[in-house]
Amino acid sequence: MFENFVVPNLLPALPELFLTTMALVILMLDLVVKSPRRTPIFVLTQATLVVCALIQLVTSTGEVAFTFSNMFVDDLMADVLKFFLYATVIVVLFYSRGYVLDREPMAKGEFYVLALFATLGMMVMISANHFLTLYLGLELLSLSLYAMVAMNRDSVVSTEAAMKYFVLGALASGMLLYGMSMIYGATGTLEITELTMRLASGGANKSVLIFGLVFLVAGLAFKLGVVPFHMWIPDVYHGAPTGVTLFIGSAPKLAAFAIVMRLLVSGLWTLAADWQNMLMILAVLSMAVGNLAAIAQTNLKRMLAYSAISHMGFMLLGIVTGVVARKSGGPDPVLALNAYSSAMFYVLAYVMMTACAFGMILLLARAGFEADELEDFKGLNKRSPWFAGMMLIVMFSMAGIPFFIGFFAKFSVLQAVVISGQYWLAIVAVIFSLIGAFYYLRVVKIMYFDAPVDTTPIAAPLDMRVLVSANGLAIALFGIFPQWLMSICAAALKNSL
Amino acid sequence: MSSYPLLSLAIWIPIFAGLIVLLTGSDRNAPLARGLALLGAVLGFVVTIPLWMGFNISNGGMQFVEVTSWIPRFSINYHLGVDGISMLFVLLNSFITITVVLAGWQVIEEKVAQYNAAFLIMSGLMNGIFCALDGVLFYVFFEASLIPLYLIIGVWGGPNRVYAAFKFFLYTLAGSLLFLIALIYLFVQSGYSFSILDWHQLPLPMNAQIWLFLAFLVAFAVKVPMWPVHTWLPDAHVEAPTGGSVVLAAIALKLGAYGFLRFSLPIAPDASHHLSGFVITLSLIAVVYIGFVALVQQDMKKLVAYSSISHMGFVTLGFFMFSAIGIEGALIQMISHGFVSGAMFLCIGVMYDRMHSRQIADYGGVVNTMPKFAALFMLFAMANSGLPATSGFVGEFMVILGAVKFNFWVAFIAATTMIVGAAYTLWMYKRVIFGDVANDHVAELKDINAREFFVLALLAACVLWMGVYPLPFTDVMHASVNDLLQHVANSKIK
């Protein structure tokens, strides 16, 4: 009966397998751990992620390896993105630890297990070479996140945010599935590499394909959080417990970037002329709505939510222009690589900045005090010049002012846009970053020019202080020496295009 | 030539000194912070002296060049060098930093470390702007220098400081973002090079040159500032603390003018010729109209701010007549304005520290209680109105000479500044200093102390030196200005 069964090569999926095992082990262990601080669970979770990162480093060959009947791919892009994913999740869990402990309903082992499952979902998304794998990863991530948002169950805003997230997220997943089914109908395959070949050979019904593509792009746009599919972002960012907002706002952007690359750039590049126009509109709208709406916010988490929308719009510009480069004058892999690696650099820079921004909110938060209003940062320079300095770095970096990494992120995307000859797009992008600069400057103003309202000394533990400082300094350091990160991005995408 | 990386030292010594000052932390260590800041500023100035000493005046090209690869991904280099145009500004900037640190010595009592650190870091960044020969390096310094000035205005400024700080930041950022696109455009056109010197040789069609010129114009016109994008400057000046005003007037305004010489003229020479009439018109409006605006000001700082705009109009006028005497005159005017306007703001600061008012109406008869101060202030007021034997005269005279050759009516209109400039400066001086003691507050004024005297005397010496014997300054410029003019005379349209 099993004569046709071939044991798949498990090596490319080793980190995923290890993480799954450990997540289950930790879930069991949580039953016997008595300590209310859940220290063993926390340590084990972090250790798991560190070991995953090590496995990723050791098993990375630089070759493209398929496994599980070509449903799963392990290439350099996956390795690099997963490595940064582990690093991000480790940092995120450190940041949110104190916050979670202060809030009774969340201070459970499940928080860490859910975080691990969400990470697993993102890993599967990053390595998906099949529509179903991709969908599975996405759902694993989303379901874990819905639960995490709702975990602080006594909070009305959190529960409401979880409901909104769930309903809209389910809708978006539905759209994505519908789009996938259309494309399956037109081509007869769900496997991404196979799909590319079938599309290239022609013969598929174009109108069905485009119909499917629209739904696919809508679903992706929802997951990325770009206008007009952004409605959930402000509410969820605002309503979710800050420790979870940090999680939602950082690591999933890496996975979202990966699925855009896999689905649109690798899978559907023959339809580039179509999705490129769609993405361009989404990008411009996101920059406009994100930056303008952020000005009106008084809540820092909400402001960062709108800022996330605008940043994702900016990042999309890199993806859009890569295809233009490919289209005009035949395929140009050098320019395409330039554009996509710029977008990837942008995502990495954004994740780094956003982690530090939410890290600062968590640093100031205490039991019963969220520190998420702009007012709560008043006069921070008087209370703690050092951490005001860190927040200053993050804000100027997000505004795209040198010498911080945000400048080179914007710079590399802009150069890709200018190379593609779309000057008007570059001009629109800089005009909206100018508008965006206003609300970042306002945060600096609140910290430096205003007198403090709250004079309580900062009570965060030492590890938190060290980590936030390291994160802030990294933003400055990579802003002065961005070459290393840039070349990693370029190398990572070389084999995946 | 010296083997030390002098330019790097001139940039990074103040920046690292600033970071060290920042580490002294709270105001309990204020004396230490002040001492370290002064040490850093003096050291920063000392390393620039060999630039002057070792400068080869017969060489119009770049000297003290340093090139290291910085971001190979975009072939961005850490490329520094100075020529006769930029070298003097590095010295001026490093010198002004010392006076600024001294000027804030007793006045600034809150967040002393941060105050001094901001000025030191800004000084290093400004040196970076003048030395950078790589487009991105230039832009990075250009933008980064906004951060310390934003904080200086916003933290230590006057009652309306928040508005002024935002206006300053957003105005300048708005100008420079288009500039960034222009830089990337040149990067693509030149076959992926960010070297400014490569761009000088790059042939460009006329319409591309015009777009580039306009993008540069927006960036630099805001910074200079030229009429009609000057409105941020009076606000920034009025609200900034004394040190901030000094740096703004003495150095920050020069960045825009310097940008014209480093970018606009050599990269888009045909467009520069084509649009010179436009720029000259704007300059003349600044010279005359802003001069009259200065005449009616009630606030001393605002008056000097408008006078700065008017004087900078002279600078852009000098540049766009494409003659050696015009450009050299404009450069001399820039340096002289650095000393004079810096000194004017210091003088106003001296009075403000005692009276906490900048309104002309609150003063009168200050000479009776502050004779030493009145004498020094007199010298700077005279220099500001362009009296011969002060530095203010040399530059204006050279520009007017150039203008006479260029077009009589341009020269005629420009020359009216000699009258208007004298009118607003001296009238202000008369109302503030002369006459009977106006009120009890003036009667209680104490004359300047040794520190204030030292700072002002230092600047006075510079003003007189440049006024009486400007030859060393023009000698440095000759070769570079001639090279620039020859370069600009050749069309780049192929």
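Below, each value reflects all heavy atoms present in this structure, side chains not excepted, and no hydrogens, waters or symmetry copies. Every chain is numbered from 1 and lettered A, B, ... according to where its sequence line falls, protein lines coming before strand lines.
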(request) Report, by ascending residue number, the residues of residues 406-413 of chain A in heavy-atom contact with chain B at a distance under 4.5 Å; give 'none' if the set is empty. (result) A:F407, A:F408, A:F411, A:S412
[X] to [Y] - nearest heavy-atom pair and separation:
X      : Y      : answer
A:P402 : B:A144 : O-CB, 3.6 Å
B:L170 : A:A437 : CD2-CB, 4.2 Å
A:V430 : B:L177 : O-CD1, 3.3 Å

What part of [X] is in contact with chain B, defined as an atom under 4.5 angstrom from a non-hydrogen atom: side chain, backbone, both or neither?
X      : value
A:N338 : both
A:F449 : both
A:F404 : side chain
A:L392 : side chain
A:A399 : neither

In terms of heavy-atom proximity below 4.5 Å to chain A, should [X] be classed as side chain, backbone, both, or neither?
X      : answer
B:V155 : both
B:L125 : side chain
B:L173 : both
B:Y78  : neither
B:L146 : neither

(request) Show your working on ring pair (Phe, Tyr, Trp, His ring centres under 6.0 Å) between A:Y423 and B:Y185 and close with a plain yes or no. (result) CA-CA 9 Å; A:Y423 302 118; B:Y185 173 81; 5.7 Å; yes
Rounded to the nearest 0.5 Å, how far apart are [atom1] of [X] and [atom2] of [Y]?
X      : Y      : atom1 : atom2 : answer
B:R161 : A:K445 : CZ    : NZ    : 9.0 Å
A:M395 : B:I147 : CE    : CD1   : 13.0 Å
A:L434 : B:S176 : CG    : OG    : 8.5 Å
B:Q114 : A:Y448 : CD    : OH    : 6.0 Å

(request) Answer whether the closest heavy-atom distance between the side chains of A:V417 and B:I184 falls below 4.5 Å. (result) no
(request) For residues A:W386 and B:L22, determine if any side-chain heavy atom of one lies less than 4.5 Å from a side-chain heavy atom of the other. (result) no
(message) So if I take each residue of residues 67-75 of chain B and look for any heavy atom under 4.5 Å from a heavy atom in chain A, which residues do I end up with?
(response) B:W70, B:I71, B:P72, B:R73, B:F74
(message) Can you list the residues of residues 135-142 of chain B that sit under 4.5 Å from chain A, counting heavy atoms only?
(response) B:V136, B:Y139, B:V140, B:F141
(message) Tell me every residue that passes side chain to side chain contact (heavy atoms under 4.5 Å, CB included) with B:A271, counting only those two or more places apart in sequence or in another chain.
(response) B:Q209, B:I210, B:F213, B:A268
(message) Quick one: does any side-chain atom of B:Y150 pair with a main-chain N or O of A:L441 as donor and acceptor, under 3.5 Å?
(response) yes
(message) So which residue, B:I181, B:V188, B:I76, ends up with the most heavy-atom pairs under 4.5 Å with chain A?
(response) B:I181
(message) Is there a side chain to side chain contact (heavy atoms under 4.5 Å, CB included) between A:R442 and B:F166? Walk through the geometry before answering.
(response) CA-CA 9 Å; A:R442 192 176 52 188; B:F166 271 80; 4.2 Å; yes
